[in-house]
There are 2 protein chains.
Amino acid sequence: MSQIVELTPKENSDINRLNLSEQIANRLRDMIIQNQMSPGDRIREREICKELQVSRTPLREALHKLASECLIDLIPNCGAVISSPSGDEIADMLRVLGVLEAFAGERACESITEEEIAEIKALHYEMLAAFSRGDRLQYFKLNQRIHLALIKAARSETLLALHSRLNARLYRIRYQSNLKNEQWGGAVEEHDNIMAALEERDAEKLSRILRRHLKSTWEKISEHIEEKK
Amino acid sequence: MSQIVELTPKENSDINRLNLSEQIANRLRDMIIQNQMSPGDRIREREICKELQVSRTPLREALHKLASECLIDLIPNCGAVISSPSGDEIADMLRVLGVLEAFAGERACESITEEEIAEIKALHYEMLAAFSRGDRLQYFKLNQRIHLALIKAARSETLLALHSRLNARLYRIRYQSNLKNEQWGGAVEEHDNIMAALEERDAEKLSRILRRHLKSTWEKISEHIEEKK
DNA sequence: TTTTGACTTTTGGTATACAATATGCCATAT
DNA sequence: ATATGGCATATTGTATACCAAAAGTCAAAA
């Protein structure tokens with residue numbers, strides 16, 4: 001599972017246009033998110049420098065970027081460690097994520113096009129297919145894509161930015177939970193309701209469902225939190 | 001008006017514990033927020049280096065930090081410019097800020113203590129006093145403090161972080177608007193309602209008022225946007 | 001007036017140096 | 001054997017010099 005999903009899609013043509021520090025940040029972010037570096041792990045600058053064949057300056061800039069995304073903690077004179085949020089912090093993040101998604105749903109009902117609804121519906125059915133096949137990875141990825149599509153339909157760059165930040169912090173945890181959880185398909189039913197509300201463009205209803213959806217996400221995740229600490 | 005307000009309070013005892021790059025970021029952030037550098041202005045590295053008596057390395061780290069907060073735009077091979085959000089972007093940010101504050105109000109009703117309510121009430125009356133005296137600066141600062149106190153009462157670090165980020169991006173604009181606006185006290189009446197809802201701990205009501213409050217903030221600001229572009 | 005092209009400035013990135021701090025290890029004392 | 005203190009080493013924080021590439025500038029030529 002070296003490559004779970006391309007979280008920071010970058011067209012190969014444009015990759016050269018990105019700052020080196022951005023590229024490093026993207027690469028490290030993917031590594032953290034995909035659990036290739038475990039929470040609590042310390043990042044040694046020179047080690048990564050050698051591994052990625054870059055000098056310290058852009059690496060350090062990348063570390064600062066990741067720190068501002070709360071993916072790592074920068075401890076003075078002691079370097080960077082992969083941040084490991086507590087259960088309470090995860091619950092807190094999910095609550096706020098729920099609020100953001102609820103707002104997204106509300107706005108999306110006004111601005112989403114029929115084509116976009118059709119596309120989300122298609123993703124929804126693909127997700128059901130993945131569930132039916134027991135393909136957890138595909139299920140997870142499609143779930144993410146559906147939520148991202150909803151956020152984008154809200155037509156708010158600010159919302160999109162805050163959401164993707166928070167989502168990045170939660171990604172690894174949610175992915176791990178999705179792998180472990182017995183009733184991993186629990187979201188299927190809720191997603192049915194989401195689709196229905198979206199098709200009816202019932203803003204109030206969709207909003208409510210989405211917030212509740214993230215709450216039940218927490219209930220699933222929380223079962224797998226204890227063991228980790 | 002060189003010193004509007006200490007946005008990044010740092011106990012003098014601890015300032016030495018902060019990275020130089022953090023200190024620089026804080027300093028530049030205050031300068032941007034307080035309009036000592038105008039939107040669109042280009043930041044020349046060596047210029048600031050000389051001004052702040054630091055080397056390029058920590059300065060560049062600081063610039064990356066500010067860029068990740070969307071206070072500046074980092075243009076490849078062209079350096080940093082103070083970001084100047086369009087009217088649409090400002091409206092968008094205020095909408096999301098409204099959602100965050102609405103959520104804060106909701107949670108605060110559950111978790112706020114009587115002491116905190118009393119303190120906010122005190123700030124509220126101080127704000128009325130400032131308004132009565134025509135002291136716009138004081139009015140603005142107290143307004144900010146009231147909203148910050150509300151956010152903190154929600155007991156969510158995630159919410160606090162997102163809010164302060166968004167608030168930093170909007171600070172300069174709101175401050176300018178507060179200076180210019182004819183009916184600059186328009187928020188007084190809404191604040192009365194906020195206080196009432198808070199004292200009743202009516203989460204649903206407070207939430208609704210706060211969201212509406214930020215909407216009317218936009219209506220005030222929007223009058224002063226045209227001239228700038 | 002516009003375009004071309006050389007010159008200058010600025011940024012992006014690398015390498016290196018050095019001080020301050022943290023870490024780890026070993027010898028000593030209990 | 002374990003705990004403590006202190007030294008050696010490793011790592012981070014900062015400064016500086018250097019170079020290549022891109023952007024900006026400006027004057028001369030068409």
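Protein chains get the first letters and strands the later ones, always in sequence-line order, with residue 1 at the start of each. Being a predicted model, the structure only gives us computed values, none of them experimental.
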Would you give me the side-chain donor-acceptor pairs under 3.5 Å for residues 58-71 of chain A, sequence neighbours excluded?
from: R60(A); atom 1: NE; to: E61(B); atom 2: OE2; distance (Å): 2.7
from: R60(A); atom 1: NH1; to: E45(A); atom 2: OE2; distance (Å): 3.0
from: R60(A); atom 1: NH2; to: E61(B); atom 2: OE2; distance (Å): 3.4
from: E61(A); atom 1: OE1; to: H64(B); atom 2: NE2; distance (Å): 3.2
from: E61(A); atom 1: OE2; to: R60(B); atom 2: NE; distance (Å): 3.2
from: H64(A); atom 1: NE2; to: E61(B); atom 2: OE1; distance (Å): 3.2
from: S68(A); atom 1: OG; to: K65(A); atom 2: O; distance (Å): 2.8
from: S68(A); atom 1: OG; to: S68(B); atom 2: OG; distance (Å): 2.8
from: E69(A); atom 1: OE1; to: R29(A); atom 2: NE; distance (Å): 2.8
from: E69(A); atom 1: OE1; to: R29(A); atom 2: NH2; distance (Å): 3.3
from: E69(A); atom 1: OE2; to: R29(A); atom 2: NH2; distance (Å): 2.8

Inset, instruction - Mark up nucleotides 10-19 of chain C, 5' to 3', with B wherever a protein heavy atom is under 4.0 angstrom from a base atom, S wherever such an atom reaches only the sugar-phosphate, and - elsewhere. - result: SBBBB--B--

Which residues pass the salt bridge (Lys or Arg N to Asp or Glu O under 4.0 Å) test with [X], sequence neighbours left out?
X	answer
R155(B)	E116(B)
R42(A)	none
R174(A)	none

Legend entry - Set of residues satisfying side chain to side chain donor-acceptor pair (under 3.5 Å) with respect to T158(A), sequence neighbours excluded: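 Applying side chain to side chain donor-acceptor pair (under 3.5 Å) to T158(A) gives D92(B).
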
